[in-house]
Amino acid sequence: MLLTYWCEQAWLPGGPAENVIVEVDGERIAAVTQGPPPPGAERLPGITVPGLANAHSHAFHRALRGATQAGRGDFWTWREQMYETAARLDPDSYLTLARAVYAEMAMAGITGVGEFHYLHHAPGGRPYTDPNAMGHALVQAAREAGVRIALLDTCYLTGGIGTPLEGAQVRFGDGDAVRWALRAEELAASYAGQADVVTGAAIHSVRAVPPEQMPVIAEFAHKHTAPLHMHVSEQQKENAACVERYAATPVQVLHEHGALGPRSTAVHATHLTDVDVEVLGRSATHVCMCPTTERDLADGIGPARTLFEHGAPITLGSDSHAVIDLFEEARAVELNERLASEKRGHWRAAELLSAATDAGHASLGFPDAGVIAPGAWADLVAVRLDSVRTAGATGAEAVVYAATAADVHTVVSSGRRVVTDGHHISGNVGEMLTQAIGALR
């Protein structure tokens with residue numbers, strides 16, 4: 001069925017344009033032209049941008065919003081509260097929660113998510129009857145919310161460098177990378193040939209995966225031509241432990257064991273040496289910045305611009321979901337660097353918009369998404385330009401420096417209208433979240 005949208009303004013590969021006609025055939029864009037609205041066309045006021053890519057998500061962390069901000073602490077104290085939530089989930093409750101979280105993402109203009117998935121097994125580490133039951137729940141949740149998913153099945157073997165899993169962590173582990181790969185192969189086979197799901201891989205971190213196990217995970221990604229993601233240098237304590245044990249930084253350990261490259265993504269990359277920056281850039285490894293989480297957890301400010309200039313494409317993620325708003329993530333990359341450098345203007349708005357769209361989708365294994373062009377996935381996100389936040393702003397600057405997720409009024413994802421007038425097709429997403437999170441407390 002051919003559908004036609006007329007965009008008052010649209011962000012095309014060449015930049016902003018007015019009076020843009022987008023024809024959609026099924027899940028793909030069939031044609032992009034300019035002119036007056038054709039008869040029967042759906043009008044999209046404001047500026048229409050490509051669907052956004054949330055390149056790093058832990059869906060169950062959404063249950064922590066507003067609950068972990070009280071009092072003092074750091075990443076490590078926050079982590080203990082996160083484990084408490086992980087301990088309570090099962091496939092049914094995870095489906096209910098993730099469906100609401102992904103619907104919240106859709107309302108914010110996100111049409112593709114990279115789910116960094118390590119909550120695999122039942123309490124005590126016992127596999128479910130279907131060892132991938134939790135992963136299947138996430139795929140079902142994304143589909144019902146109208147969001148494509150890169151399920152980044154995560155290998156998580158140790159509780160820290162040289163220490164065993166304990167407590168809720170035992171639910172994350174498969175014993176070793178070979179057994180992880182056997183389970184991940186079953187997961188990949190379940191979605192083979194299904195275009196809306198990418199089965200990728202993740203090395204949780206140097207804390208959680210010994211170096212000798214890393215090549216197995218990298219080989220899985222190479223075999224499936226799939227994305228490979230990893231947490232990298234989020235905490236200085238992690239770096240110090242890594243150097244003490246391996247006489248190398250996390251980036252250097254990952255590089256030496258074949259984990260970096262154009263299909264790889266280093267998440268956070270906050271505390272890097274000059275050599276680390278050079279290695280990530282030369283390998284064309286993506287770097288996913290998650291500024292709202294990094295500031296919420298007091299992680300620090302990563303060298304995003306320096307990495308970009310050395311050849312590492314930058315992407316964006318909402319990570320722990322302290323905020324789900326990729327416009328906020330995009331501008332925070334620039335604003336954080338202003339705070340660190342006491343200078344303005346590190347990033348052009350168009351570069352940050354690219355990080356939120358085409359670069360992000362490419363890092364998730366959807367290279368034909370994130371642009372409004374013939375043949376691309378039919379993802380359209382219409383943003384109001386007449387709200388109290390956006391009034392008077394234009395172009396990419398309106399989106400990156402003025403808009404919030406609340407200004408998204410229409411979302412078409414894979415050709416399917418999932419948000420209309422700011423409302424998701426599932427119904428009251430706030431109520432869905434309230435019920436799902438309440439059941440875990």
Side-chain angles (χ1 to χ4, degrees), residues 27 53-59 111-121 127 130-143 147-157 172-205 208-209 211-232 254-255 257-267 283-288 313 315 317 358-370 377 414:
E27 297 177 333
N54 189 349
H56 188 66
S57 162
H58 301 292
T111 58
V113 61
E115 183 61 39
F116 201 100
H117 167 53
Y118 54 79
L119 182 50
H120 300 303
H121 305 301
D130 181 342
N132 287 303
M134 296 292 263
H136 294 316
L138 291 165
V139 172
Q140 182 180 344
R143 284 175 162 168
V147 175
R148 291 187 304 278
I149 187 170
L151 187 58
L152 305 166
D153 196 281
T154 304
C155 188
Y156 196 131
L157 303 175
F172 310 158
D174 290 292
D176 58 36
V178 171
R179 279 177 280 187
W180 167 85
L182 290 173
R183 184 182 52 72
E185 287 288 354
E186 292 182 8
L187 181 68
S190 299
Y191 300 104
Q194 299 183 36
D196 63 327
V197 178
V198 167
T199 304
I203 294 169
H204 180 274
S205 61
V209 180
E212 66 273 14
Q213 304 279 343
M214 294 177 181
V216 175
I217 307 156
E219 178 56 30
F220 174 91
H222 295 326
K223 174 184 174 182
H224 292 278
T225 319
L228 174 61
H229 289 218
M230 60 219 75
H231 293 128
V232 176
L254 291 160
H255 175 60
H257 292 83
L260 303 183
R263 288 198 306 275
S264 297
T265 294
V267 181
S283 63
T285 297
H286 292 79
V287 173
C288 182
T315 65
D358 55 300
H361 287 290
S363 77
L364 299 179
F366 296 102
D368 47 356
W377 284 95
S414 302

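One-based numbering along the sequence shown.
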Checklist entry - Who passes salt bridge (charged side-chain N to carboxylate O under 4.0 Å, His left out) against D153, sequence neighbours left out? => result R183
Next on the checklist: Once you measure the plane-to-plane angle for Y156 and Y118, does it fall in the parallel (<30°), tilted (30-60°) or perpendicular (>60°) bin?
Outcome noted: tilted
Checklist outcome for this item: Heavy atoms of A201 and W180 approach each other most closely as CB-CH2, 3.7 Å
Next on the checklist: With rounding to the nearest 0.5 angstrom, report the CG to CD1 distance, L157 to I203.
Outcome noted: 10.0 Å
Checklist entry - Considering all heavy atoms of both residues, which atom of T154 and which atom of H120 are nearest to each other, and what is their separation? => result O-NE2, 2.8 Å
Next on the checklist: So does V197 get a backbone contact from the side chain of T199, meaning a donor-acceptor N/O pair under 3.5 Å?
Outcome noted: no
Checklist outcome for this item: Across all chains, not counting sequence neighbours, the side-chain contact (heavy atoms from CB on, under 4.5 Å) partners of P313 are H286
Checklist entry - In chain order, what residues pass the side-chain hydrogen bond (donor to acceptor under 3.5 Å, both in side chains) check against D196, with sequence neighbours excluded? => result R143
Item to check | Over all atoms of both residues, closest heavy-atom pair of G200 and A226 | outcome: CA-CB, 4.0 Å
Next on the checklist: For H231 and H56, take the angle between the two ring planes, folded into 0 to 90°, and tell me which bin it lands in: parallel under 30, tilted 30 to 60, perpendicular over 60.
Outcome noted: perpendicular
Checklist entry - Residues in side-chain contact (heavy atoms from CB on, under 4.5 Å) with H136, at least two apart? => result D130, N132, L187, S190, Y191
Checklist entry - What's the shortest heavy-atom distance between P215 and P211, and which atoms? => result CD-O, 3.3 Å
Next on the checklist: On a heavy-atom basis, which atom in P227 and which in S363 lie closest, and how many Å separate them?
Outcome noted: CB-O, 3.4 Å
Item to check | Test item: H117 side-chain N/O and A202 main-chain N/O as donor-acceptor pair under 3.5 Å | outcome: no
Next on the checklist: Determine whether V198 and L364 satisfy the following criterion, side-chain contact (heavy atoms from CB on, under 4.5 Å), listing intermediate values before the conclusion.
Outcome noted: CA-CA 8 Å; V198 167; L364 299 179; over 6 Å; no
Checklist outcome for this item: So CG of N54 and OG1 of T315: to nearest 0.5 Å the spacing works out to 9.5 Å
Checklist entry - Has the side chain of H121 got a donor or acceptor atom that lies under 3.5 Å from a matching backbone atom of G173? => result yes
Next on the checklist: Taking side-chain contact (heavy atoms from CB on, under 4.5 Å) as the definition, give me every residue that meets it alongside A218, ordered by chain and number, with sequence neighbours left out.
Outcome noted: H222, L228
Checklist entry - Has the side chain of S264 got a donor or acceptor atom that lies under 3.5 Å from a matching backbone atom of H229? => result no
Checklist entry - Can you tell me how far CG of L260 sits from OG1 of T265, rounded to the nearest 0.5 angstrom? => result 10.5 Å
Item to check | Heavy-atom donor-acceptor pair, E115 side chain to I149 backbone, under 3.5 Å | outcome: no
Item to check | Atom of A177, atom of C155 and distance for their closest heavy-atom approach | outcome: CA-SG, 4.2 Å
Checklist entry - So, the side chain of H361 versus the backbone of T111: is there a donor-acceptor pair under 3.5 Å, distance only? => result no
Checklist entry - Which salt bridge (charged side-chain N to carboxylate O under 4.0 Å, His left out) pairs, counting each pair once, include a residue from residues 257-267, with sequence neighbours left out? => result none
Checklist entry - Going through the checks in order, is the side-chain hydrogen bond (donor to acceptor under 3.5 Å, both in side chains) test met by E185 and H224? => result CA-CA 9 Å; E185 287 288 354; H224 292 278; 3.0 Å; yes
Item to check | Working for side-chain contact (heavy atoms from CB on, under 4.5 Å), residues F172 and H204 | outcome: CA-CA 10 Å; F172 310 158; H204 180 274; over 6 Å; no
Item to check | Spacing of S414 atom OG and F366 atom CZ [to the nearest 0.5 Å] | outcome: 8.0 Å
Checklist entry - When rounded to the nearest 0.5 angstrom, what distance separates CZ in R179 from CG in L182? => result 9.5 Å
